[in-house]
Amino acid sequence: MDFGLKGKTALVCASSAGLGRGCAEALAGEGVNLVINGRTEETLEATAADLRARFGVEVTAVAADVTTEEGRAKLLEAAGEADILVNNAGGPPPGTWTDWEREDFIKALDANMLTPIALIKAMVPGMMERGWGRVVNITSRAVKAPIPALGLSNSARAGLTGYVAGTSRQIARSGVTMNNLLPGMHDTDRVKKLDQNAADTQGISFDEARKKRLAGSVMGRDGTAEEFGAACAFLCSKQAAFITGQNILADGGEVNATL
Ligand code: NAD
């Protein structure tokens, strides 16, 4: 299927590794030129070189923290009149509800709610003027089914979800769609770290810890960044023009709900 994206440009935030990189790769595979981003110059440049070599698209690498105003300014300058915005950043740390103070909430809201909103506000008006655009926000399955230890994430992402629900409808006649993609467990560095922590705490090997976790999962495996990226590319496609304001789970059926 031709997604009709050849020659378009996408800003994909937090994309030097993990799910953001999966999205960048899938878009590059559709002929989309990219502005990619990460905080570590070396990793980011390696990703950029790999994407250029494999897909022959233009890749601009911007080393910056997307959750800072300065970082976003650098990204927006590089993105210019980009057609696609994929919002992503690292998630807030785990903890217990009694630990979280105002400052912790402010940090989480800044990173996972107000950062994507700032980029949407900066980029969507241009997309609307040009009559075409796509916004995909990487959120979490925690939006549909809370993960108690991730209360900061549950809260901030719920805020973004509410904003997207209303805003996507306000802009719906312009040719710009806006959706959230909700990952469940995917085999990224972040999940590798979680399994390593479980292994260390329980005094078992990494493989044993992973096997134990997956034994209780619906599909018996984690998702891959490639699968996640493909879902993102579809939401950006011309074929997905009638899909907006939605929360699409990519979680292997883990959220146990009929609707
Ligand atoms: P990851 O840690 O594997 O990769 C994150 C990438 O983003 C890295 O390249 C990192 O350098 C970059 N990055 C992180 N924070 C950044 C920032 N502030 N500015 C610029 N670059 C930044 O993470 P991931 O597993 O790909 O997860 C991506 C998002 O999806 C996170 O918000 C995470 O909480 C959420 N999520 C992931 C999973 C999963 O299973 N992997 C599940 C649910 C939700």
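Since the model is a prediction, treat every value here as computed from it, not as a measurement. Numbering of ligands and ligand atoms starts at 1, following listing order.
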Inset, instruction - Inspect the contact between Arg134 and Glu30 and indicate whether a charged nitrogen and a carboxylate oxygen are less than 4.0 angstrom apart. - result: no
Inset, instruction - Would you check the N or O atoms of Gly38, main chain and side chain alike, for any that come under 3.5 Å of an N or O of ligand 1? - result: no
Legend entry - salt bridge (Lys or Arg N to Asp or Glu O under 4.0 Å) between Asp189 and Arg21, intermediate numbers included: CA-CA 12 Å; Asp189 291 346; Arg21 179 172 177 156; over 6 Å; no
Inset, instruction - Check ligand 1 against Ser16 and write out every atom of the ligand that is under 4.0 Å from a heavy-atom position of the residue. - result: 8 (C), 9 (O), 11 (O)
Legend entry - Gly20, any N or O under 3.5 Å of ligand 1 N or O: no
Inset, instruction - Measure the distances from the heavy atoms of Ala225 to every atom of ligand 1 and state whether one is below 4.0 angstrom. - result: no
Inset, instruction - Kindly determine whether Gln202 and Glu208 satisfy side-chain contact (heavy atoms from CB on, under 4.5 Å), including the steps that lead there. - result: CA-CA 10 Å; Gln202 297 169 48; Glu208 281 168 333; over 6 Å; no
Inset, instruction - Any atoms of ligand 1 less than 4.0 Å from a non-hydrogen atom of Ser140? List them with their elements. - result: 43 (C), 44 (C)
Inset, instruction - Determine yes or no for a side-chain-to-main-chain donor-acceptor pair under 3.5 angstrom, with Asp222 supplying the side chain and Asp187 the backbone. - result: no
Legend entry - Heteroatom proximity flag, Pro183 to ligand 1, N/O under 3.5 Å: no
Inset, instruction - Look up atom CG in Asp83 and atom CG in Leu5, then write down how far apart they are to the nearest 0.5 Å. - result: 9.0 Å
Legend entry - From CA spacing to verdict: side-chain contact (heavy atoms from CB on, under 4.5 Å), Ser15, Val86: CA-CA 9 Å; Ser15 51; Val86 179; over 6 Å; no
Legend entry - Heavy-atom nearest neighbour in the protein, as seen from atom 19 (N) of ligand 1, with distance rounded to 0.1 Å: Val66 N, 3.0 Å
Inset, instruction - Check each of Asp110, Leu114, Asn112, Thr115 against Thr67 using the side chain to side chain contact (heavy atoms under 4.5 Å, CB included) test, and report the only one that passes. - result: Thr115
Legend entry - Geometric N/O contact His186 with ligand 1, under 3.5 angstrom: yes
Legend entry - The one among Lys192, Glu254, Arg39 that brings a heavy atom closest to atom 14 (C) of ligand 1: Arg39
Legend entry - Option set Thr139, Asp65, Asp222, criterion heavy-atom distance to atom 17 (C) of ligand 1, minimum: Asp65
Legend entry - From Leu19 atom CG to Cys232 atom SG, the distance as rounded to the nearest 0.5 Å: 10.0 Å
Legend entry - For Asp189, atoms of ligand 1 separated by under 4.0 Å from a heavy atom: 3 (O)
Legend entry - Atom indices of ligand 1 within 4.0 angstrom of Val191 heavy atoms, with elements: 39 (C), 40 (O), 41 (N)
Legend entry - Test item, Arg72 contacting ligand 1 (heavy atom, 4.0 angstrom): no
Inset, instruction - State which residue, out of Ile248, Asn180, Val164, fulfils the side chain to side chain contact (heavy atoms under 4.5 Å, CB included) condition with Thr139. - result: Asn180
Legend entry - Euclidean distance, Phe3 CZ relative to Lys8 NZ, rounded to 0.5 Å: 14.5 Å
Legend entry - For Gly91, the ligand 1 atoms whose distance to one of its heavy atoms is below 4.0 Å: 31 (C), 32 (O), 34 (O)
Legend entry - Identity and separation of the nearest protein heavy atom to atom 12 (C) of ligand 1: Ala14 CB, 3.7 Å
Inset, instruction - Starting at CG of Leu34, measure out to SG of Cys23 and round the result to the nearest 0.5 Å. - result: 10.5 Å
Inset, instruction - Identify the protein heavy atom lying closest to atom 4 (O) of ligand 1, giving its residue, its atom name and the separation to 0.1 Å. - result: Ala17 O, 3.9 Å
Legend entry - Criterion side-chain contact (heavy atoms from CB on, under 4.5 Å) on Thr47 and Leu51, from CA distance to verdict: CA-CA 6 Å; Thr47 301; Leu51 294 178; 4.1 Å; yes
Legend entry - Heavy-atom nearest neighbour of atom 29 (C) of ligand 1 within options Leu19, Asn88, Thr188: Asn88
Inset, instruction - Measure the CZ-NZ distance between Arg210 and Lys192 for me, rounded to the nearest 0.5 Å. - result: 6.0 Å
Legend entry - ligand 1 contact on Ala64 by region, counting heavy-atom pairs under 4.0 Å: backbone
Legend entry - Candidate with minimal heavy-atom separation from atom 37 (C) of ligand 1, of Arg190, Met185, Arg157: Arg190
Legend entry - Asp187 touching ligand 1 at heavy-atom level, < 4.0 angstrom: no
Legend entry - Identified side chain to side chain contact (heavy atoms under 4.5 Å, CB included) partner of Asn137 from the options Asn88, Ile120, Leu181: Ile120
Inset, instruction - Check each atom of ligand 1 against the heavy atoms of Gly184 and keep those under 4.0 Å away; list them by number with element. - result: 38 (C), 39 (C), 40 (O), 42 (C)
Legend entry - Residue and atom name of the nearest protein heavy atom (relative to atom 15 (N) of ligand 1), distance in Å to one decimal: Gly90 N, 3.1 Å
Legend entry - Location of contacts on Ile138 toward ligand 1, heavy atoms closer than 4.0 Å: side chain
Inset, instruction - Using a strict cut-off of 4.0 Å, indicate which atoms of ligand 1 neighbour a heavy atom of Thr67. - result: 18 (N)
Inset, instruction - Might you work through the side-chain contact (heavy atoms from CB on, under 4.5 Å) test for Met127 and Leu85, ending with a clear yes or no? - result: CA-CA 10 Å; Met127 293 178 189; Leu85 165 64; 4.0 Å; yes
Legend entry - Ala89 neighbourhood, listing ligand 1 atoms whose heavy-atom distance to it stays under 4.0 Å: 29 (C), 31 (C), 32 (O)
